[in-house]
Every structure is written in structure tokens, then in C-alpha cells.
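Read through the structure below, which is laid out as C-alpha cells, and then see the notes.
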Amino acid sequence: MANSKSIALAAVVTGLFLASPVLAEEKPAENTVGALSKQSVAAIKGFAGELKKHLQDAMKSGGPANALNVCKTVAPSIAETHSKTSGLTIKRTALKVRNPENAPDDYELKVLQQFVADIAAGKDAKTMKKAEIVEVDGGKVFRFSKAIPTQKMCLRCHGENIAPELKARIDELYPEDKATGFKEGDLRGIFSISKKL
């Protein structure tokens, strides 16, 4: 009798060990997206806050032409620093980019197009974000996108009526520039985050 109890107990314990990897595998997908989304929001906040401060300081000290220098030289190093600290890859991209190196990949292109359609349908760009795990070349990659709405301060360099001397400076720094013609509230682009899992 004791022997059959031991066998039954062993079967239960073995069953728990065998079942637990399945349970453990089902839960982390949600937890990973949730945890990495929180981490992404924090990383974007840090990156955007630092970039905005640099841009505002540059505007105060030398106007929009000076702010262009921040976008060209300082923004990439800020993104790199925040990528290293967070363990995520952070970048900005758009449908109309100023720097061709910031062109969207296929995934980002779909998100950008969806966000534009959502804004056209009346949704607020300030609240738009998307997070998911996608498969890339047989591996899993976490992707997070947050909309960047065009604000009033963006229009001096990205709007419809750019001062001629500023336009000349943009053309000098970015000969392939396509990032003009925006109105306040338009989707300027997205913060895009990725992490291989």
C-alpha cells in the first residue's frame, strides 16, 4: 500500500515538473511584451526629453539653423547612449525622412501607414503606440512604436513655409530631405524600438 502511495506521489510530482515548462512558456509572452513595453516607454521618455532639451537650448542660442546641427550631430549619439543604457535599440523614423539613414524598415513602414490611417479616422497621435513580438529570420524580436505628432515648434524646420535661409541650410546638411510640408497634429514619425529575444 505504501508502495502504491509512493508511486502515485512520484507520478504527481513528475507530472508537475513536466507540466510546468508549458505553463512557464505560455505566460512570459504576455509578461515579456508588458515588461518590455514599460521599459520602452521609459527609454523613449529619456531619449525624447534629452533631445528636446538640446533642441530648445540650440533654438535659444542660435535659432532653427542651430537646432538643425543638433538633429544632425547630437541626436544620433543621444539615441546610441539611451540604446546602450536600456538594452534596447532606439531610433526615429518616418514616412518622409530628412536623413535617408533613418528610412523605415518594412515593419516600421506598416506601423507608420496604420498610424496615419488612425489619425485620419480621428484618433489622437499623442496616445498611439504598438507593441508586439514578431518573428524575424527564425528568431523572435520585440518591436515597439510610439507616434511622434508634429508640434508647433517642429513647423519652422518641417512645416510648409520654411524661411529661405533655413531651407538653404537644410538642403546643405540633408540634400535628400523629404521631411517638409507638415501641419500641426500630422504624424511626424515614430520612435521605434527593437530587441532580439
Side-chain angles (χ1 to χ4, degrees), residues 40 43-44 46-59 62-86 88-120 125 128-132 134 136-137 141-196:
S40 298
I44 289 169
F47 168 58
E50 189 174 342
L51 179 58
K52 187 174 182 178
K53 185 186 180 326
H54 280 279
L55 286 169
Q56 287 172 333
D57 291 347
M59 288 284 277
N66 202 27
L68 281 172
N69 294 329
V70 169
C71 287
K72 177 85 174 166
T73 60
V74 180
S77 65
I78 295 172
E80 191 178 332
T81 300
H82 284 272
S83 292
K84 282 180 184 169
T85 357
S86 66
L88 305 165
T89 301
I90 304 171
K91 69 179 259 198
R92 292 175 302 155
T93 188
L95 291 172
K96 299 195 301 181
V97 293
R98 180 147 280 171
N99 181 346
E101 290 177 21
N102 296 336
D105 62 25
D106 291 342
Y107 178 86
E108 292 162 336
L109 186 59
K110 286 177 189 163
V111 171
L112 284 158
Q113 290 167 337
Q114 183 59 58
F115 282 4
V116 167
D118 290 345
I119 290 170
M128 285 183 193
K129 53 188 176 217
K130 179 180 177 81
E132 63 182 332
V134 296
V136 179
D137 300 328
V141 179
F142 170 74
R143 301 297 303 250
F144 184 89
S145 309
K146 184 176 186 324
I148 304 171
T150 303
Q151 298 175 8
K152 195 172 184 178
M153 72 175 273
C154 307
L155 297 177
R156 290 180 76 177
C157 296
H158 294 286
E160 297 174 299
N161 300 307
I162 299 169
E165 66 279 0
L166 184 56
K167 181 73 175 103
R169 181 69 177 141
I170 291 169
D171 291 342
E172 181 188 330
L173 289 173
Y174 302 100
E176 298 176 61
D177 176 46
K178 291 180 175 55
T180 57
F182 289 92
K183 296 184 182 79
E184 194 172 353
D186 285 349
L187 182 72
R188 173 62 197 92
I190 57 170
F191 291 106
S192 178
I193 284 185
S194 62
K195 181 181 175 74
K196 285 183 184 176

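- Between atom CG of residue D118 and atom CD of residue Q113 there is a gap of 12.0 Å, rounded to the nearest 0.5 Å.
- Counting only heavy atoms from C-beta outward, the side chains of E50 and H82 approach each other to under 4.5 Å.
- Distance OG/S194 to OH/Y107: 10.0 Å, rounded to 0.5 Å.
- Shortest non-hydrogen contact noted between C154 and T150 is CB-CG2, 4.0 Å.
- Of all heavy-atom pairs between A125 and A147, the closest is O-CB, 3.3 Å.
- Residues K146 and I190 form no side-chain contact, since every pair of their non-hydrogen atoms from C-beta on lies 4.5 Å or further apart.
- Residues Y174 and C71 form a side-chain contact, since some pair of their non-hydrogen atoms from C-beta on lies under 4.5 Å apart.
- Side-chain contact check for T180 versus R98: some heavy-atom pair is nearer than 4.5 Å.
- A 6.0 Å sphere centred on CD of E172 holds more than 12 heavy atoms belonging to other residues, nucleotides or ligands.
- Atom CD1 in I148 sits 8.0 Å away from atom CG in L187 (nearest 0.5 Å).
- No hydrogens or angles considered: a donor-acceptor pair under 3.5 Å links the side chains of N69 and R169.
- Here the side chains of R143 and I193 are not in contact, with every heavy-atom distance at 4.5 Å or above.
- Closest approach of F144 to A131, counting heavy atoms only: CD1-CB, 3.6 Å.
- In this structure, S145 and F115 approach most closely via the heavy-atom pair O-CZ, 4.2 Å.
- Without hydrogens or angle criteria, S83 side chain to I90 main chain gives a donor-acceptor distance under 3.5 Å.
- Taking 4.0 Å as the cut-off between side-chain N and carboxylate O, E132 and K130 count as a salt-bridged pair.
- Note on K110 versus D106: no salt bridge recorded, every NZ/NE/NH1/NH2 to OD/OE distance being 4.0 Å or above.
- A distance-only check finds a donor-acceptor pair linking the side chain of D177 to the backbone of A179 [under 3.5 Å].
- For the pair E108 (side chain) and D105 (backbone), a donor-acceptor distance under 3.5 Å is present.
- Once rounded to the nearest 0.5 Å, the distance linking OG1 of T85 with CZ of F47 reads 11.5 Å.
- A cation-pi arrangement is present between K96 and F182 under the rule of less than 6.0 angstrom and at most 45 degrees off the ring axis.
- Under the 4.5 Å side-chain criterion, counting only non-hydrogen atoms from C-beta, I119 is not in contact with D186.
- Between R156 atom CZ and L166 atom CG the span is 8.0 Å, to the nearest 0.5 Å.
- Residue V141 comes nearest to K196 through the heavy atom pair CG2-CG, 4.2 Å, listed as atom of the first residue, atom of the second, then distance.
- The local environment of NZ in K72 is crowded, with over 12 non-hydrogen atoms from other residues, nucleotides or ligands closer than 6.0 Å.
- In this structure, CD in E176 is found 10.0 Å from CD in E101, a value given to the nearest 0.5 Å.
- Taking all atoms of both residues into account, the shortest heavy-atom contact from A48 to F191 is CB-CZ, 3.7 Å.
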After noting the C-alpha distance and the side-chain angles of T93 and L109, does the key distance pass the side chain to side chain contact (heavy atoms under 4.5 Å, CB included) rule? CA-CA 9 Å; T93 188; L109 186 59; over 6 Å; no

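- More than 12 heavy atoms of other residues, nucleotides or ligands shown are found within 6.0 angstrom of CD on E160.
- For the pair V70/L51, a side-chain contact is recorded, criterion being any heavy-atom separation below 4.5 Å from C-beta on.
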Starting from the C-alpha separation in whole Å, work towards a yes-or-no answer on side chain to side chain contact (heavy atoms under 4.5 Å, CB included) for I78 and H54. CA-CA 10 Å; I78 295 172; H54 280 279; 3.5 Å; yes

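- Counting only distance, with no hydrogens or angles, the side chain of N66 and the backbone of A58 share a donor-acceptor pair below 3.5 Å.
- Side-chain atoms of S192 do not come within 3.5 Å of backbone N or O of K91 as any donor-acceptor pair.
- The shortest side-chain heavy-atom distance between H158 and R188 falls under the 4.5 Å cut-off.
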